[in-house]
Amino acid sequence: MNKLNHIAIIMDGNGRWAKKQGFLKRIVGHEEGAKRVRELTIHASNIGVKYLTLYAFSTENWKRPEGEVSFLMKLMDRYLKNELSLFLENNVRFETIGEIEKLPESLQERISYTKEKTAHFTGLTQVLAVNYGSKNEIVRAVNKAVKTGKEVDEDSFDDLLDTAGMDPVDILIRTGGDKRLSNYLLWQAAYSELFFTDTLWPDFTVEKLDEIIKVFKGVERRFGGIK
Ligand code: FPP
């Protein structure tokens, strides 16, 4: 049976969910989506997963209408404020990947505070990908390497990425029906098992995650070798 250390999720379909429910505003879908983040974090923590990495805001999402962007920034801020107690009660460490320096200052402060308060926890690490893009991450890592003047190999390059020190991604899930990676963890997903589901993110329950985990456990992972 495959060991499961790291789950990464592209949480797509919030806008369509809101429309389907008859709401006029897409942001209602983001609100509902934040509730699934909470439930899945508790569940992942309970079943012993080490990393849960969630695509909350991409480097491309700045192209959205200003109102939606600022709503998402405020939602993340509010989420972190409310969820601190959840992290404290469940031994959950909080981390981020992405260019945090370009986020609104108040959100940057909230992120730093949450990281600081949870840094010593040893259970699940919840990683929010915020202002994250894989190409941006790789270019930043290359520039770090250039500055050192030393050639890199696969292991030392890993250490220059935002995900340094994390286990490789075992399961990568995309909800919402599309089958693409959208600039998410391109390096880290080299040998991930990919799961695409039509379920919209706000409908993605703990039970649906468990179904995917069950399939993952039975997959033969050869990593390019033979069994
Ligand atoms: C994609 O759905 C989702 C996002 C760009 C944002 C993800 C944010 C959340 C799940 C909620 C907030 C998260 C936290 C951690 C508080 P979409 O809007 O592109 O949906 P659509 O494809 O139906 O339009």
Side-chain angles (χ1 to χ4, degrees), residues 7-45 51-87 90 92-100 102-104 106-115 118 124-134 136 162 172-185 196-206 208-209:
I7 301 175
I9 310 184
I10 301 174
M11 309 181 286
D12 197 16
N14 294 343
R16 277 166 287 160
W17 181 89
K19 203 173 162 197
K20 211 172 112 190
Q21 303 289 320
F23 293 108
L24 294 175
K25 293 189 173 156
R26 295 168 44 79
I27 55 173
V28 183
H30 297 315
E31 282 280 355
E32 189 64 23
K35 294 183 195 159
R36 298 298 91 73
V37 170
R38 179 191 173 85
E39 292 158 13
L40 287 166
T41 299
I42 297 173
H43 186 61
S45 160
Y51 294 95
L52 177 65
T53 302
L54 303 164
Y55 211 177
F57 194 87
S58 76
T59 46
E60 287 77 29
N61 286 152
W62 296 106
K63 293 181 205 151
R64 293 190 176 211
E66 208 228 302
E68 183 169 339
V69 169
S70 81
F71 178 84
L72 281 168
M73 296 298 151
K74 285 191 200 116
L75 179 62
M76 284 186 277
D77 197 333
R78 179 154 45 90
Y79 164 82
L80 289 177
K81 185 171 174 215
N82 292 341
E83 297 322 32
L84 183 59
S85 59
L86 168 104
F87 296 151
N90 289 277
V92 173
R93 190 163 67 103
F94 174 73
E95 267 298 338
T96 57
I97 54 173
E99 268 195 300
I100 298 308
K102 298 201 173 141
L103 297 172
S106 54
L107 179 57
Q108 286 188 49
E109 279 165 23
R110 177 78 60 199
I111 285 172
S112 304
Y113 181 75
T114 312
K115 283 182 185 174
T118 63
L124 174 79
T125 300
Q126 187 205 78
V127 185
L128 278 195
V130 195
N131 191 25
Y132 176 83
S134 206
N136 168 285
D162 296 350
L172 193 152
I173 301 167
R174 181 180 187 129
T175 63
D178 289 326
K179 294 188 179 66
R180 53 175 172 261
L181 292 179
S182 297
N183 203 9
Y184 194 44
L185 300 170
F196 298 97
T197 167
D198 289 337
T199 304
L200 304 173
W201 174 251
D203 289 328
F204 193 76
T205 54
V206 162
K208 295 204 187 244
L209 177 65

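Indexing begins at 1, ligand by ligand and atom by atom, following the structure's order.
- Although no hydrogens or angles enter the test, the distance criterion places a donor-acceptor pair under 3.5 Å between the side chain of N90 and the main chain of L86.
- Under a 4.0 Å criterion applied to the non-hydrogen atoms of W201, ligand 1 contributes the atoms 10 (C).
- Between the NZ atom of K20 and the CG atom of L200 there is a distance of 5.0 Å, given to the nearest 0.5 Å.
- Considering backbone and side-chain N/O atoms, V37 never comes within less than 3.5 Å of an N/O atom of ligand 1.
- A donor-acceptor contact shorter than 3.5 Å is absent between the side chain of Y184 and the backbone of L172.
- Taking a cut-off of under 4.0 Å to the non-hydrogen atoms of R16, the atoms of ligand 1 that pass are 21 (P), 22 (O), 23 (O).
- Here the heavy atom of the protein found nearest to atom 9 (C) of ligand 1 is N14 ND2, 3.5 Å.
- Residue-ligand proximity: R64 is placed with a non-hydrogen atom under 4.0 Å from ligand 1.
- The structure places CZ of F57 at 9.5 Å from NE2 of H30, a figure rounded to the nearest 0.5 Å.
- Residue N61 has at least one heavy-atom neighbour below 4.0 Å for each of these atoms of ligand 1: 5 (C).
- Protein heavy atom nearest atom 18 (O) of ligand 1, with residue, atom name and distance: R26 NH2, 2.7 Å.
- Protein heavy atom closest to atom 11 (C) of ligand 1, with residue, atom name and distance, is H30 O, 3.4 Å.
- For the pair D12 and ligand 1, the shortest N or O to N or O distance falls below 3.5 Å.
- With a heavy-atom cut-off of 4.0 Å, L128 touches ligand 1 through its side chain alone.
- Atom 12 (C) of ligand 1 has as its closest protein heavy atom L75 CD2, 3.6 Å.
- Note: N131 CG to I97 CD1 = 11.0 Å, rounded to the nearest 0.5 Å.
- A salt bridge links E32 with R36: the closest approach of a Lys/Arg side-chain nitrogen to an acidic carboxylate oxygen falls below 4.0 angstrom.
- Close N/O approach between Y79 and ligand 1 is not found [any backbone or side-chain N/O within under 3.5 Å].
- Those atoms of ligand 1 that come under 4.0 Å of a heavy atom in A56, given as number and element, are 6 (C), 7 (C), 8 (C).
- Taking the charged nitrogens against the carboxylate oxygens, R78 and E31 do have a contact shorter than 4.0 Å, which makes a salt bridge.
- At most 12 heavy atoms of other shown residues, nucleotides or ligands fall within 6.0 angstrom of atom NZ in K19.
- Across I9, L128, I7, V127, a single residue satisfies side chain to side chain contact (heavy atoms under 4.5 Å, CB included) together with T53, and that is V127.
- Neither the backbone nor the side chain of R36 has any atom closer than 4.0 Å to an atom of ligand 1 (non-hydrogen atoms only).
- For atom 1 (C) of ligand 1, the closest non-hydrogen atom of the protein is M11 O, 3.3 Å.
- To the nearest 0.5 Å, the span separating CD on E39 from CD1 on I42 amounts to 7.5 Å.
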